[in-house]
Amino acid sequence: MIPTAFDYQRATSIDDALTKLQAASGGKLIAGGHSLVPLMKLRLSEPAVLIDVARIPGLSGIKEKDGKIEIGAATTHREVAASALLKQVCPVIADTAIEIGDPQVRNRGTLGGSLAHADPSADYPAVMLALDAEIHMKSAKGWRVVKAHDFFQGLFTVNLSADEILAAVKSTPVKAAAYATLHQRASHFAIVGVAAALDVKNGAIQSARIGLTGAASHATRLTDVEKALEGKPASADSIMTAARIAGAKLEEINSDLHASAEYRRAMVQVFTERALKGALARI
Ligand SMILES: Cc1cc2nc3c(=O)[nH]c(=O)nc-3n(C[C@H](O)[C@H](O)[C@H](O)COP(=O)(O)OP(=O)(O)OC[C@H]3O[C@@H](n4cnc5c(N)ncnc54)[C@H](O)[C@@H]3O)c2cc1C
C-alpha cells in the first residue's frame, strides 16, 4: 500500500518545529522515518503534514556537560554506536545502538524516534531505564523533563504529548552497565533484551538497576531482582541467585510467532544473568 497524501515541511530549529506542529492540523514529526513510514504505508498513521526534525542544528550530537552525557534526539543509531565518548564513559549505550537493525536502519533511525515510538521490542528503552536517564521535551509551554521510568507507559504509549518535541536524553555516565539481547534474526528487534547497571563499593552491590524490553507491552524495571541484589557480594553467585526470580512477577508476557510466553519468561532469567555479569565484568 502507499500512504495517503501528505505535505512535507523541514524544521530549522526546535521552536520552528513546534510552530509548524501547532500550525498544522494533523501534523506529525518525522526523524529517520524507519518506524513512521511503515505505519503510513499500512495507513495505520495518516498525518496530513510531516515536519522533518532530522536536520535541526543542535538536535543531534553527543556531549558531556555538567557531569552528564547528553545525546540529541536526532542522533542516529550509527552515530551513537560509533561515539568514542560513549565507548569511554558509558559504553552500554553504544553497545546497544550497534545491536539495532542493520546498517540502513542505523544510518537513518534516531534515538528520539525510537523512544517516542516505543516499540515493545525496541532496544534503547531497556538501557534508558537501567541508566535512570532523563528525557527532555519542549512544547510551546516550555521545557519538561521526565525520568525514563515515568516515560514508558504502555504499548507504543509514552509520556509525550502530540504538541511536544523530544529534544535530548541526559544520563549520568555509568561504566558498569551492559545490555544482553536475544533478538529476532531478520529485524534484530529484541525478543528479550535486558540492560543492567551496577553500583559496587568494597566488593558489595550498593544498588542495581535493570531494564527489560521485548517481554511485555512496554519496557519496565525488574525491581524485585534489583532489591535481591542490594547488599550482596558482587559475585557471579549473587547474580545467578538473584536472576532466578527475574520475570517471575511479570503478570502479562508477550507471546507471538517469535517466542511463546513460557520461552520468553525463561529467557528473561537467562538474559538478566548475562546483562548483570556483563556489568560486573566492567567494574
Ligand atoms: C527493518 C527494521 C529493523 C529494525 N530493527 C530494530 C531493532 O533491532 N531494534 C530497535 O530498537 N529498533 C529497530 N527498528 C526501529 C528503528 O530503530 C527506528 O529507527 C526507530 O524505532 C524510530 O526512529 P526514527 O528516527 O526512524 O523515527 P520515525 O520513524 O521518524 O518516527 C517514529 C515516531 O517518533 C516520533 N518522533 C520522531 N522524532 C521525534 C522527536 N524528536 N520528538 C518527538 N517525536 C518524535 C514520530 O512522530 C513518530 O511517531 C527497526 C526498523 C526497521 C525498519
Side-chain angles (χ1 to χ4, degrees), residues 35 69 71 77 80-81 86 90-101 106 109-135 146-159 166 169-184 187-198 207-226 229 239 242-243 246-247 249-250 252-254 258-259 264-265 267-280 282:
S35 293
I69 287 287
I71 310 177
H77 309 325
V80 173
L86 288 178
C90 198
V92 65
I93 310 181
D95 292 350
T96 303
I98 199 71
E99 292 286 342
I100 297 175
R106 293 195 291 275
T110 65
L111 173 64
S114 175
L115 298 180
H117 185 65
D119 190 295
S121 298
D123 294 288
Y124 280 134
V127 179
M128 296 304 139
L129 288 169
L131 292 176
D132 200 24
E134 296 168 352
I135 319 286
V146 296
K147 287 280 193 166
H149 60 82
D150 289 326
F151 187 72
F152 304 105
Q153 297 184 325
L155 188 68
F156 297 107
T157 306
V158 288
N159 185 347
L166 198 161
V169 167
K170 295 186 192 179
S171 164
T172 307
V174 180
K175 260 205 165 157
Y179 181 59
T181 175
L182 171 69
H183 57 251
Q184 298 168 27
S187 70
H188 250 249
F189 272 111
I191 293 170
V192 165
V194 182
L198 288 174
S207 66
R209 279 192 307 269
I210 304 168
L212 169 70
T213 190
S217 62
H218 63 288
T220 47
R221 291 257 298 266
L222 293 177
T223 46
D224 47 347
V225 185
E226 295 175 0
L229 284 163
I239 285 172
K249 283 206 177 143
L250 287 176
E252 155 239 12
I253 202 149
N254 295 339
H258 302 293
R264 265 198 175 84
R265 204 181 288 278
M267 289 305 104
V268 171
Q269 283 185 24
V270 172
F271 284 83
T272 299
E273 188 178 334
R274 287 189 195 178
L276 283 165
K277 282 185 175 163
L280 189 62
R282 282 200 156 131

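Everything numeric here is computed off the predicted structure, so don't read it as measured data.
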Out of curiosity, [X] [atom1] to [Y] [atom2], how far, rounded to the nearest 0.5 Å?
X      : Y      : atom1 : atom2 : answer
Asn159 : Ile135 : CG    : CD1   : 9.5 Å
Phe189 : Asp119 : CZ    : CG    : 4.5 Å
Ser187 : His258 : OG    : NE2   : 6.0 Å
Glu99  : His183 : CD    : NE2   : 6.5 Å
Arg106 : His188 : CZ    : NE2   : 7.5 Å
Gln153 : His218 : CD    : NE2   : 8.0 Å

For [X] and [Y], work out which heavy atoms get closest and say how close.
X      : Y      : value
Ala196 : Ala279 : O-CB, 3.7 Å
Val174 : Pro91  : O-CD, 4.2 Å
Leu166 : Gly112 : CD1-O, 3.9 Å
Ala243 : Thr272 : CB-CG2, 4.3 Å
Ala180 : Ala275 : CB-N, 3.8 Å
Leu86  : Ala94  : CB-CB, 4.2 Å

CA sep, side-chain torsions, deciding dist, call: Leu131, Thr172, side-chain contact (heavy atoms from CB on, under 4.5 Å)
CA-CA 7 Å; Leu131 292 176; Thr172 307; over 6 Å; no
Is the number of heavy atoms from other residues, nucleotides or ligands within 6.0 Å of NZ (Lys175) greater than 12?
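No, because the 6.0 Å sphere around NZ of Lys175 holds 12 heavy atoms or fewer from other groups.
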Could you pull out all residues at least two apart from Tyr124 that satisfy ring pair (Phe, Tyr, Trp, His ring centres under 6.0 Å)?
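Result, ring pair (Phe, Tyr, Trp, His ring centres under 6.0 Å) vs Tyr124: His77.
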Quick one: are [X] and [Y] in side-chain contact, heavy atoms under 4.5 Å?
X      : Y      : result
Leu212 : Leu250 : yes
Tyr179 : Thr213 : yes
Leu111 : Ile93  : no
Leu280 : Leu198 : yes
Ile210 : Leu276 : yes
Leu222 : Val268 : yes

Would you check if the side chain of [X] reaches a backbone N or O of [Y] as a donor-acceptor pair within less than 3.5 Å?
X      : Y      : value
Ser121 : Ala190 : yes
Arg264 : Ala215 : no
Arg282 : Ala176 : no

Take Ile191 and Met267 through the side-chain contact (heavy atoms from CB on, under 4.5 Å) test and state the conclusion after the steps.
CA-CA 9 Å; Ile191 293 170; Met267 289 305 104; 6.0 Å; no
Derivation of the side-chain contact (heavy atoms from CB on, under 4.5 Å) call for His117 and Phe156
CA-CA 6 Å; His117 185 65; Phe156 297 107; 3.5 Å; yes
For Arg274, salt bridge (Lys or Arg N to Asp or Glu O under 4.0 Å) partners two or more places apart
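Arg274: no salt bridge (Lys or Arg N to Asp or Glu O under 4.0 Å) contacts found.
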Show the numbers, then the answer: is there a side-chain contact (heavy atoms from CB on, under 4.5 Å) between Asp123 and Val127?
CA-CA 7 Å; Asp123 294 288; Val127 179; over 6 Å; no
